[in-house]
Amino acid sequence: MLAAGLARVAGATLAAVLTTTALAGCRADDRAAGQEAGPGTADGAGAVALGRVDSLPSPAAPGSGEPNLAVGPDGHVVLSWLEPTADGGHALRFASIGPDDSHWSAPRTVVARDDLFVNWADFPSVLPLGGGRLAAHWLQRAATSGAYDVHLVRSTDGGLTWSADVVPHHDGTATEHGFVSLWPAGGDTVAAVWLDGRKYAGTGGHDAAHGAAGAETQLAYTILAPDGTAAPERMVDVRTCDCCQTSAALTARGPLVVYRDRSAQEVRDIAAVRLVDGRWTEPAPVHADGWTIEACPVNGPAVAAEGERAVTAWFTAARDTARVQVAFSTDAGATWTPPVRVDEGDPVGRVDVALLADGSAVVLWLARTGGEGAAVRMRHIAPDGTLDEPVTVAASAAARSSGFPQLARSGGWLHLAWTEPGTPSRLRLARVSLQGDAP
């Protein structure tokens, strides 16, 4: 899955794909951070406009990275990240910000250990459930080299104390389990999906077993009860891409999960599954890009939903053209519109997406700017595919150390988080007002 596969897959393989990409599209003038994004026009994405990109002070210490954003039922945004500790380990920490606040709360620690699995692409999360209740997950290295496990915890007092950690997978194999998505499942329960590598057990690991019959990663699912017990896991998809992020959102019809699938012919397009009346639907492609690649691109999709509406953003390099695409759904992810390309050429990917109150969306991605340079960019898109001009949020780098930029909407604000590479790295935060987007 990840530990051994990333070096080979995300480095040489993906770099070769992107280097040979035939780029299309013309560039529009970028807007620097701190400038107005400008309203939609007759040719724009509609009435909603992105305001200024205003920086926020970061609660994270130098050297931090791997940010994640989640929004609670009260509109508070929770930021989590990994921070180095004085003894050489790492701590999973978090802070929150209210809808009308301009500063993050004082950070709190979920866990601090010297055996946390710290990786640029597979990062932990803290999920606010309301009323001071929180759920969190992290990844922890197993005794066997290259293996790591998912650990889940709960808090009922705003993160002052945490329950004993639970491993939701019961296979007991020294394999890789990660790329977790959490969501509230009702009745104070929490649901989780993750990529599960148990079928690699006894094969010598991901790289050694590549191409071997039956050696494949699965999408697993469980529910964590209020008392901390995890139900037996169920396999939602028995063959998925090995190390692309999963993403989940709640619709009016139930949970919607998107991820990168993997066919027997090594087609690795984005698939969606829905939990309907207690049963998962069969995986269905969001769009048949037809990206055939015999390695994992380490570039998962993102989904957001409200009511019956949903939006998904993803990266593909099908037909030797790297691009970031967006599709909408009006039936809770059962069907999707034809995709719209939102980048202007040479995207790295690493996407996130937010759905706005008027049905439009904002997409965040990383774009190459020449050499090793890159930029964090965002763009507003209407459900009919009409695009506003792109906005440059910040300069970045195409290297792994820049991680995956994060985006979350709360009321009339978009919150952004990204890792600024360097020695040390730094966690950067900003927010953007949504003009004309009624909560």
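As the structure is a prediction and not an experimental result, all values here were calculated from the model.
Under 3.5 Å, the side chains of His380 and Ser360 contain a donor-acceptor pair of N or O atoms. Counted by atom type alone, Arg93 and Thr109 present one or more donor-acceptor pairs between their side chains at under 3.5 Å.
Taken from CD1 in Ile270 to CD in Gln325, the straight-line distance is 9.5 Å, to the nearest 0.5 Å. In this structure, Asp269 CG and Tyr259 OH are separated by 11.5 Å, a value rounded to the nearest 0.5 Å. Remark: Phe315 CZ to Trp291 CH2 distance equals 5.0 Å, nearest 0.5 Å.
Salt-bridge check for Arg409 with Glu306: passed, with a basic side-chain N closer than 4.0 Å to an acidic carboxylate O. Ion pairing between a basic and an acidic side chain is recognised when a charged N comes within 4.0 Å of a carboxylate O; Arg239 and Asp237 show no such pairing.
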Working note: Leu275 + Leu256, criterion side-chain contact (heavy atoms from CB on, under 4.5 Å); need CA distance, chi angles, decisive distance, verdict. CA-CA 7 Å; Leu275 187 61; Leu256 167 65; over 6 Å; no
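Classified by interplanar angle (parallel below 30°, tilted 30° to 60°, perpendicular above 60°), the ring pair Tyr148/Phe117 is parallel. Classified by interplanar angle (parallel below 30°, tilted 30° to 60°, perpendicular above 60°), the ring pair Trp280/Tyr221 is perpendicular. Ring pair His415/Trp104 is perpendicular by interplanar angle, where above 60° counts as perpendicular and below 30° as parallel.
For the side chain to side chain contact (heavy atoms under 4.5 Å, CB included) with Leu79, the lone residue among Pro59, Pro107, Ser96 that qualifies is Pro59.
Put simply, the side chain of Ser155 gets close to the backbone of Thr161: a donor and an acceptor are under 3.5 Å apart.
For Asp277, the side-chain contact (heavy atoms from CB on, under 4.5 Å) test picks out no residue, with sequence neighbours left out.
The cationic atom of Arg350 (NZ for Lys, CZ for Arg) lies less than 6.0 Å from the six-membered ring centre of Phe404 and within 45° of the ring axis.
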